[in-house]
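In what follows, a structure is listed as structure tokens, so that the remarks can point back to it.
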Protein chains: 2
Amino acid sequence: MSEKPVTIYDIAQLVNASAATVSRVLSNSDYPVSSEMRDKIKNAAKQLNYTPNMLGRQLKKNDSMSIGVIIPSISNPFYADVVLGIEEIARNGGYQVLLCNSHQNPKLEAEYLQTLLEKQVKGIILSSISPKKGWLNAYLDKGVKMISIDQRINNRQVYQLGFDYRYGAYLACEYLIQSGHRRIAFLSAALNRPSRLQLHQGYQDAMRKAGIVPLKEWVQISEDCENTAYSSTFEFNNGKELTRKLLMADERPTAVLCCNDLTAAGVINELKEQKVDVPGQLSVIGFDNIDLSQMLTPSLSTVNLPKYQMGVLACRMLMDLMNGSAAAEKEIMLQPEFIPRDSAAKLE
Amino acid sequence: MSEKPVTIYDIAQLVNASAATVSRVLSNSDYPVSSEMRDKIKNAAKQLNYTPNMLGRQLKKNDSMSIGVIIPSISNPFYADVVLGIEEIARNGGYQVLLCNSHQNPKLEAEYLQTLLEKQVKGIILSSISPKKGWLNAYLDKGVKMISIDQRINNRQVYQLGFDYRYGAYLACEYLIQSGHRRIAFLSAALNRPSRLQLHQGYQDAMRKAGIVPLKEWVQISEDCENTAYSSTFEFNNGKELTRKLLMADERPTAVLCCNDLTAAGVINELKEQKVDVPGQLSVIGFDNIDLSQMLTPSLSTVNLPKYQMGVLACRMLMDLMNGSAAAEKEIMLQPEFIPRDSAAKLE
DNA sequence: CTGAAAGCGCTAACAA
DNA sequence: TTGTTAGCGCTTTCAG
């Protein structure tokens, strides 16, 4: 095993042709080659169990046929869906995906970016948490195309693809208000990224529009602890803890809006432990519509984000950019949709 | 932007050195270079905003510094954990991960394998469902190292890393028996892969050892429908459906063992709808210990599989193999562990 | 239609 | 310590 690998020269020799001709046949070039020669070469390739070495081609063509995807963590089901969409489109276009989990660690993020560039990736899809982006321009100047998903990056060279978080939260909150709720709480992990800030904004906007001034205790935001790696259990427990704080409020709310489904799962869990009926005594609404939300009892009313579609669009956008055709829009916002289920009810 | 990229020659020219010297400095070779020259070169590199083109190095060294990972679907949280472990080790060793989702599609799987080889990947971690492996040897003969995880592959050149599913199911079943249960059901998706067969075996073994002959209706196995893509919702609904069938049994069981946590989640959900108390009237045990299992109410008793650790070990094994050092064991079986929670109770 | 030759960016003998 | 040179496997002018 593992003898010297066979190259186009070996094939050329076998069929008495030149490497050039072999290359033309085997790389599906449209350069004219007699069909007789074609067959001979193809047969020889099969016979020798030839595997093309793409590094050769890639070096020559200066195109690695890979794209990079940097996300906080693939164990976040949200990103798993997005990546699935990306990969589907990439594969159809003959590209492969280099997956990088930044673990919310700016240093790792930068490291990965560097590696990707060294591997001659010409396009990157990035969901970045880290706020400082000083190095970005140095990279962009090299001609890499970059699409930022979910988390906005303030750079006019970077194409953006995001969800309208503000509107999503607004929708959810409006639903509650129309269901007769006025004492509505907002539970969120630290507002240390654009998405969460927008969520908060949407909540505030909806409340203001309805002329409601929420009590301070209804808005529970966790402390910032940026250094922890992503873990769904963490989000879940965070939901539980926020709930305990919320229940200490003098005037209890009748509904609560959470920054994501996992937090909402924690909320529901804690409420069960504390014998607070959902939705009887307290309505709960999540955000993201991950698969989990259908599995809880009561099933979770939430806001759907088209995650897979975001992956698809991001990758299409990237491929267009890499092909030189400027994308139509510099910035696309995907619209969320409210999904009513059983965890939120009309107030009697 | 995107002018001609700077190469070691540009740097060489700038500092009046040869490309060889530049290469030696910039590739961290231990070849002696005067520290004076070193500094000059490093500065020049920085000044020119140089990014090494790894394709050049990789072609020369015939090593792509990437490994391939082929799994059914990253949206399966089980694999997400494994991949996280793989990536961690790969990164520490300077490797990157090419992620491939086979979607349980043998054709896609073969296609990806081919692409990986063409990209000069020297190691592959594979979790393959498809039973036919005729092409495998043709690849292995080229010297690729291959580690099969979770799902066993019958090939003596392939290193194996698996869980002792049989023992895991045995443990869970034994726990139920020791809790006083004798009417124990087994619910599973189609037994079309090694893991599920072993699970079934473990159930049978434990029952036999206790001298219990389970009724036919207690063993509910879904129809095989290989063509569907993975979806946790599918597993969940499958659990619900199997439960409905199970409840039609003349003699109802007092406990049920499920092939995975998502199925168990469906079971619990359906039981709630049917007003069957868990664990009061029916104990439920899952398998996998994904994060979800802690979030259900009642929290799910299940069998933990060290998923992250499997990723770590698989990647270590692979790196060892690629470095030429034969791994100590050709086949490692990781041991599962029973996690008692609230969904399974002692029988009064 | 086919082939010779140069070269993508980098590394590693071998020479100096 | 540094430089020269010959490739790694492939594509692509340019000539036949």
Side-chain angles (χ1 to χ4, degrees), chain A residues 2-42 44-45 48-65 94 117-122 142-143, chain B residues 2-42 44-45 48-65 94 117-122 142-143:
Chain A
S2 110
E3 303 139 38
K4 208 158 173 10
V6 4
T7 73
I8 49 171
Y9 283 89
D10 300 319
I11 297 177
Q13 204 167 12
L14 190 65
V15 302
N16 267 312
S18 72
T21 309
V22 175
S23 167
R24 297 201 256 254
V25 171
L26 263 28
S27 64
N28 295 314
S29 133
D30 49 3
Y31 202 92
V33 174
S34 73
S35 61
E36 188 187 13
M37 193 84 241
R38 274 209 130 70
D39 291 348
K40 270 210 288 186
I41 290 175
K42 281 186 175 163
L48 294 179
N49 188 18
Y50 168 73
T51 303
N53 182 336
M54 288 305 171
L55 293 179
R57 175 195 298 204
Q58 287 165 11
L59 177 58
K60 178 69 187 181
K61 294 206 173 190
N62 187 27
D63 185 355
S64 67
M65 295 308 279
L117 256 79
E118 295 182 352
K119 291 216 167 174
Q120 302 307 111
V121 153
K122 298 288 181 273
K142 288 186 185 289
Chain B
S2 108
E3 303 139 39
K4 209 159 174 8
V6 3
T7 73
I8 49 171
Y9 283 90
D10 300 320
I11 298 177
Q13 202 167 15
L14 190 65
V15 301
N16 268 315
S18 74
T21 310
V22 176
S23 167
R24 297 199 257 257
V25 172
L26 263 25
S27 65
N28 294 314
S29 134
D30 48 4
Y31 202 92
V33 174
S34 72
S35 61
E36 186 187 15
M37 193 82 238
R38 273 210 130 68
D39 292 348
K40 269 209 289 185
I41 290 174
K42 282 188 174 162
L48 294 179
N49 187 18
Y50 168 73
T51 302
N53 182 338
M54 288 305 172
L55 292 179
R57 176 197 298 207
Q58 287 165 10
L59 178 59
K60 176 73 187 175
K61 295 208 173 190
N62 188 27
D63 185 354
S64 66
M65 296 307 280
L117 256 80
E118 295 182 353
K119 291 215 168 175
Q120 301 308 108
V121 154
K122 297 288 181 271
K142 287 184 186 289

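Throughout, a chain's letter reflects where its sequence line sits, starting with A, and its residues are numbered from 1. Atoms considered below: every heavy atom in the structure, side chains included; atoms not considered: hydrogens, waters and symmetry mates.
Under 3.5 Å, the side chain of A:Y9 and the base of D:dC10 form at least one donor-acceptor pair of N or O atoms.
Atom NZ of B:K60 is separated from atom P of D:dC8 by 7 Å (rounded to the nearest Å). Taking atom CD of B:Q58 as the reference point, atom C1' of D:dG7 lies 17 Å away to the nearest angstrom. In this structure, NZ of B:K119 is placed 19 Å from P of D:dG9, rounded to the nearest angstrom. What separates CG of B:L59 from C1' of D:dC8 is a distance of 4 Å, to the nearest Å. To the nearest angstrom, C1' of D:dC10 lies 13 Å from CG of A:D10.
From B:L55, atom CG reaches atom NZ of B:K60 across 15.5 Å, with rounding to the nearest 0.5 Å. Taking NZ from A:K42 and CG from A:L26, the interatomic distance works out to 8.0 Å, rounded to the nearest 0.5 Å. Taken to the nearest 0.5 Å, the CD atom of A:Q120 stands 4.5 Å off from the NZ atom of A:K122.
Once you apply a 4.0 Å limit to the heavy atoms of chain A, the touched nucleotides of DNA chain C run 5' to 3' over C:dC1 to C:dG9.
Under the side chain to side chain contact (heavy atoms under 4.5 Å, CB included) criterion, B:E118 pairs with A:T51, A:P52, A:M54, B:Q114, sequence neighbours left out. Every residue meeting the side chain to side chain donor-acceptor pair (under 3.5 Å) condition with A:K119, not counting sequence neighbours, appears here in chain and number order: B:S66.
The side-chain hydrogen bond (donor to acceptor under 3.5 Å, both in side chains) pairs that include a residue from residues 27-41 of chain A number zero, where partners must be two or more places apart or lie in different chains.
Within the nucleic acid shown, B:S27 comes within 4.0 Å of sugar-phosphate atoms alone, with no base atom in reach, counting heavy atoms only. Heavy atoms of A:I8 sit under 4.0 angstrom from at least one base atom.
With the nearest nucleotide of DNA chain C identified for both A:N62 and B:K61, A:N62 has the one nearer the 5' end.
Across all non-hydrogen atoms, the minimal contact from A:L59 to B:G56 is CD1-N, 3.9 Å. Closest approach of A:V33 to A:M37, counting heavy atoms only: CG1-CB, 3.8 Å.
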Which donor-acceptor pairs under 3.5 Å do the side chains of residues 6-25 of chain A make with protein atoms, sequence neighbours left out?
residue	atom	partner	partner atom	Å
A:T7	OG1	A:Y9	N	3.1
A:D10	OD2	A:T7	N	2.8
A:S18	OG	A:A20	N	3.4
A:S18	OG	A:T21	N	3.3
A:S18	OG	A:T21	OG1	3.1

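Listed by residue number, A:A20, A:S23, A:R24 are the residues of residues 14-25 of chain A with a heavy-atom contact under 4.0 Å to DNA chain D. Within residues 31-41 of chain B, the residues approaching DNA chain C are B:Y31, by heavy-atom distance under 4.0 Å.
Between A:D63 and A:Q58, every side-chain heavy-atom pair lies at or beyond the 4.5 Å cut-off.
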Under a cut-off of 3.5 Å for both distances of each Watson-Crick or G-U pair, what dot-bracket string does DNA chain C give, using [ ] for crossing pairs and | for inter-strand pairs? ||||||||||||||||
